[in-house]
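Notes follow the structure.
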Amino acid sequence: MSDVDALARLAEVIESRKPANGGDPEASYVARLLHKGPDAFLKKIGEEATEVVMAAKDADHGGDRARLVGEVADLWFHSMIALAHYGLRPADVVAELQRREGLGGLEEKAMRKAREREAGKS
Ligand SMILES: N=c1c2ncn([C@@H]3O[C@H](COP(=O)(O)OP(=O)(O)OP(=O)(O)O)[C@@H](O)[C@H]3O)c2ncn1[C@@H]1O[C@H](COP(=O)(O)O)[C@@H](O)[C@H]1O
């Protein structure tokens with residue numbers, strides 16, 4: 001079973017927790033966040049991103065790398081709740097990464113800057 005399958009399965013569970021699909025905020029953490037709305041899960045994303053940074057800095061100094069894995073999992077999980085809310089799936093993110101495959105970040109940035117310069121002229 002691939003990594004992407006696991007993300008797709010989790011996306012299905014998240015989908016089933018939407019208010020429109022009968023998700024129960026009393027019984028489900030995901031349903032509770034979706035019920036509270038974007039402010040609630042976007043705040044969690046901000047917190048989890050900070051925790052990723054702190055865990056990585058800790059790992060730099062001999063800290064537990066498993067903690068970093070856990071914090072990244074929390075960040076991905078909460079990001080997937082946001083994707084679901086906006087009608088998107090992990091497959092959309094994977095497709096975007098696939099689109100970028102082989103296009104170096106520096107090369108992409110140079111192309112983007114050139115496009116911006118062109119747009120500025122017109
Ligand atoms: N992957 C996860 C997952 N990762 C993290 N969490 C929860 O996310 C919360 C993370 O918040 P924190 O670490 O900040 O801890 P906290 O202090 O409890 O958080 P808050 O009080 O601030 O909300 C915790 O309550 C975790 O239990 C998750 N909850 C659910 N899932 C998946 O989502 C599925 C559906 O979950 P329910 O909708 O709850 O059934 C589960 O079967 C899992 O596969």
Side-chain angles (χ1 to χ4, degrees):
M1 205 167 299
S2 78
D3 302 346
V4 176
D5 288 339
L7 292 177
R9 280 199 308 279
L10 177 55
E12 284 303 320
V13 173
I14 292 172
E15 199 62 28
S16 76
R17 302 300 201 249
K18 286 184 171 180
N21 296 328
D24 178 2
E26 294 301 318
S28 150
Y29 175 78
V30 175
R32 190 170 298 179
L33 275 183
L34 288 169
H35 179 80
K36 286 182 178 169
D39 283 355
F41 55 74
L42 296 178
K43 181 166 174 267
K44 288 302 292 180
I45 291 174
E47 288 171 9
E48 301 304 349
T50 303
E51 283 172 27
V52 167
V53 173
M54 290 189 313
K57 296 308 289 179
D58 196 40
D60 266 342
H61 296 96
D64 182 9
R65 291 188 310 148
R67 187 177 144 226
L68 177 57
V69 171
E71 298 301 353
V72 171
D74 283 348
L75 178 60
W76 286 19
F77 166 67
H78 287 90
S79 299
M80 284 175 66
I81 295 177
L83 286 176
H85 175 80
Y86 294 108
L88 296 162
R89 297 283 181 140
D92 294 302
V93 178
V94 172
E96 174 60 15
L97 290 172
Q98 284 171 334
R99 188 189 66 78
R100 297 178 188 179
E101 249 174 20
L103 179 62
L106 297 177
E107 190 185 343
E108 182 278 334
K109 186 170 180 172
M111 284 163 52
R112 183 159 34 88
K113 294 286 171 200
R115 276 199 305 274
E116 284 166 9
R117 275 196 302 276
E118 278 307 306
K121 279 184 201 160
S122 58

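Whatever order the structure lists ligands and atoms in, that order sets their numbers, starting from 1.
The residue from Ala6, Ser28, Pro25, Gly70 that puts a heavy atom closest to atom 37 (P) of ligand 1 is Ser28. Nearest residue to atom 43 (C) of ligand 1 from Leu10, Leu34, Leu75 is Leu10 (criterion: closest heavy atom). Comparing heavy-atom distances from atom 15 (O) of ligand 1 across Lys36, Glu71, Glu51, Lys44 singles out Lys44 as nearest.
Considering backbone and side-chain N/O atoms, Glu47 never comes within less than 3.5 Å of an N/O atom of ligand 1. Residue-to-ligand polar distances keep Ala31 apart from ligand 1: every N/O pair is separated by 3.5 Å or more.
When distances from atom 21 (O) of ligand 1 to the protein are checked, no heavy atom turns up under 4.0 Å. Of the protein's heavy atoms, none falls inside 4.0 Å of atom 17 (O) of ligand 1. For atom 41 (C) of ligand 1, the nearest protein heavy atom lies 4.0 Å or farther away. Checking atom 6 (N) of ligand 1 against the protein gives a heavy-atom contact under 4.0 Å. The protein does not reach atom 26 (C) of ligand 1 closely, with no heavy atom under 4.0 angstrom from it. Distance screen at 4.0 Å: atom 33 (O) of ligand 1 has a protein heavy-atom neighbour inside the cut-off.
Contact atoms of ligand 1 toward Val13: 34 (C), 35 (C) (distance under 4.0 Å to a heavy atom of the residue). The ligand atoms of ligand 1 that sit less than 4.0 angstrom from a heavy atom of His78 are 8 (O), 10 (C). Of all the atoms in ligand 1, the ones that sit under 4.0 Å from a non-hydrogen atom of Arg17 are 35 (C), 37 (P), 38 (O), 40 (O).
Following chains of ILVMFWY side-chain contacts shorter than 4.5 Å, one cannot reach Leu97 starting from Leu106, and the two form parts of different hydrophobic clusters. Hydrophobic clustering of Ile, Leu, Val, Met, Phe, Trp and Tyr side chains at less than 4.5 Å, counting indirect connections, keeps Val13 apart from Val30.
Rounding to the nearest 0.5 angstrom, the gap separating the CD1 atom in Ile81 from the CG atom in Leu34 is 6.0 Å. Of the inter-residue distances, the one linking Asp58 atom CG with Glu71 atom CD reads 10.0 Å to the nearest 0.5 angstrom.
Under a cut-off of 6.0 angstrom, the local environment of CG in Asp39 is sparse, with at most 12 non-hydrogen atoms contributed by other residues, nucleotides or ligands. Annotation: Leu103, atom CG; neighbour count of heavy atoms from other residues, nucleotides and ligands within 6.0 Å is above 12.
Of all the heavy atoms of Tyr29, the ones lying under 4.0 Å from any atom of ligand 1 are found in both the backbone and the side chain. Contacts with ligand 1 closer than 4.0 Å are made by side-chain heavy atoms of Asp74 only, the backbone lying farther away.
Counting heavy atoms from C-beta on, the side chains of Pro90 and Trp76 never come closer than 4.5 Å. In this structure the side chain of Glu47 reaches within 4.5 angstrom of the side chain of Lys44, judged on heavy atoms.
Nearest non-hydrogen protein atom to atom 29 (N) of ligand 1 is Phe77 CZ, 3.3 Å. At the shortest separation from atom 36 (O) of ligand 1 among protein heavy atoms lies Val30 CG2, 3.8 Å.
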Kindly indicate, with the supporting measurements, whether the criterion salt bridge (charged side-chain N to carboxylate O under 4.0 Å, His left out) is fulfilled by Asp92 and Arg89.
CA-CA 5 Å; Asp92 294 302; Arg89 297 283 181 140; over 6 Å; no
Run Lys121 and Glu118 through salt bridge (charged side-chain N to carboxylate O under 4.0 Å, His left out) and show every step you take.
CA-CA 5 Å; Lys121 279 184 201 160; Glu118 278 307 306; 3.1 Å; yes
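Between Tyr29 and His78, the angle of the ring planes goes over 60°, which puts this pair in the perpendicular group of the 30/60° scheme.
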